[in-house]
Amino acid sequence: MPERKLGKIDNKYTLKIKSSGNGMADDGYKWRKYGQKAIKNSPYPRSYYKCTNPGCSAKKQVEKWRDEPDTLIITYQGLHLHPYSPFQDNNAATKKPRNQATKKLQHQILSTVLSHYCQALALKK
DNA sequence: CGGCTTTGACCGGCGC
DNA sequence: GCGCCGGTCAAAGCCG
C-alpha cells in the first residue's frame with residue numbers, strides 16, 4: 001500500500017491496539033459510524049467512523065486483525081479541527097476510570113499522528 | 001425530543 | 001471493456 005501521494009490525500013495513521021473487550025475503542029473523541037463493509041482480505045468487517053465535532057473532517061476506520069482476535073487496527077485519516085477534546089472540556093477525568101485508558105490511547109494516537117505528520121511533511125518537501 | 005446507530009444500495013476508481 | 005472492491009451517502013428505527 002504505497003503512501004507517497006500525500007499532496008493529494010489526507011495523512012493516514014494506523015494504530016494497533018487491544019480490544020476494550022467489546023469492540024468499541026474510545027480514544028477520547030466523539031465518532032459517528034457512517035458505514036460498515038466486509039473486506040475480502042479479512043475475515044472480519046471493517047467499520048467507518050467520522051468525527052462528529054463541528055468543522056472537523058477527521059475520519060477513522062476500525063478493523064479487527066485476523067491473526068489477533070483481540071487486536072483492533074485503527075486507521076486515522078486527516079487531523080482533528082476541534083479546539084479541545086470532549087473529556088478535557090468537561091474535566092470529567094475526576095470520575096471516569098476509563099479516562100485513564102483513554103488518555104493513554106490519546107497519547108499513543110497523538111504520538112503516532114505527530115510522527116506520521118512529521119514524516120509526511122518531510123516526504124512532501 | 002434529540003442524537004446516534006444500523007443496513008442497503010449506488011458510484012467511482014483501478015486492475016487485468 | 002468488464003469486473004471487482006472500497007468507500008460514501010441516505011433513511012429509518014431505537015435508546016437515552
Side-chain angles (χ1 to χ4, degrees):
Chain A
M1 204 63 95
E3 43 171 273
R4 37 191 62 157
K5 23 176 89 174
L6 298 157
K8 187 177 186 275
I9 59 171
D10 297 300
N11 307 322
K12 202 157 68 178
Y13 325 109
T14 307
L15 308 184
K16 173 172 158 293
I17 62 166
K18 266 277 191 167
S19 179
S20 299
N22 224 13
M24 208 171 195
D26 196 347
D27 55 2
Y29 292 108
K30 227 52 202 211
W31 299 98
R32 158 190 163 250
K33 189 191 231 170
Y34 72 86
Q36 191 171 349
K37 194 89 180 245
I39 307 303
K40 245 187 187 287
N41 235 9
S42 288
Y44 306 109
R46 180 183 280 170
S47 305
Y48 295 87
Y49 296 90
K50 195 182 159 188
C51 198
T52 178
N53 287 63
C56 185
S57 60
K59 286 181 275 192
K60 152 184 151 185
Q61 48 191 234
V62 180
E63 184 191 342
K64 210 189 276 246
W65 195 233
R66 110 206 282 288
D67 287 337
E68 283 255 12
D70 287 342
T71 304
L72 290 177
I73 307 299
I74 314 290
T75 305
Y76 289 89
Q77 205 171 133
L79 293 170
H80 286 280
L81 261 56
H82 320 171
Y84 292 106
S85 64
F87 283 114
Q88 184 179 352
D89 199 356
N90 230 354
N91 227 357
T94 321
K95 42 141 87 177
K96 290 207 165 161
R98 90 182 215 254
N99 213 35
Q100 193 148 12
T102 297
K103 195 179 166 192
K104 193 183 155 114
L105 192 54
Q106 266 194 53
H107 185 262
Q108 175 79 19
I109 290 158
L110 193 66
S111 201
T112 308
V113 167
L114 258 154
S115 194
H116 283 244
Y117 187 63
C118 203
Q119 210 180 103
L121 278 174
L123 270 164
K124 207 151 86 169
K125 178 67 254 353

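Keep in mind that the numbers below use all heavy atoms, side chains included, and drop hydrogens, waters and symmetry copies. For clarity, every value in this text was computed on a predicted model and none was experimentally measured. All chains are named by letter (A, B, ...) in the order of the sequence lines, taking the proteins before the strands, and each is independently numbered beginning at 1.
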Checklist outcome for this item: Quick tally for nucleotides 7-16 of chain C: nucleotides whose base has a protein heavy atom under 4.0 Å get B, sugar-phosphate-only ones S, the rest -, giving BSBB------
Item to check | Which residues share a side chain to side chain donor-acceptor pair (under 3.5 Å) with E63(A), sequence neighbours left out | outcome: S42(A), R46(A)
Checklist entry - Under the side chain to side chain donor-acceptor pair (under 3.5 Å) test, which residues partner Q36(A), sequence neighbours left out? => result K33(A)
Next on the checklist: Taking 4.0 Å as the cut-off, does a side-chain nitrogen or oxygen of K40(A) come that near to OP1 or OP2 on dC5(C)?
Outcome noted: yes
Checklist entry - Rounding to a whole Å, what distance do you find between K30(A):NZ and dC4(B):P? => result 8 Å
Item to check | Pairing residues for Y48(A) by the side chain to side chain donor-acceptor pair (under 3.5 Å) criterion, not counting sequence neighbours | outcome: none
Checklist entry - Of all residues at least two apart in sequence or in a different chain, which pass the side chain to side chain donor-acceptor pair (under 3.5 Å) check with K16(A)? => result none
Checklist entry - Linking Ile, Leu, Val, Met, Phe, Trp and Tyr through side-chain heavy atoms less than 4.5 Å apart, which residues share a cluster with Y44(A)? => result none
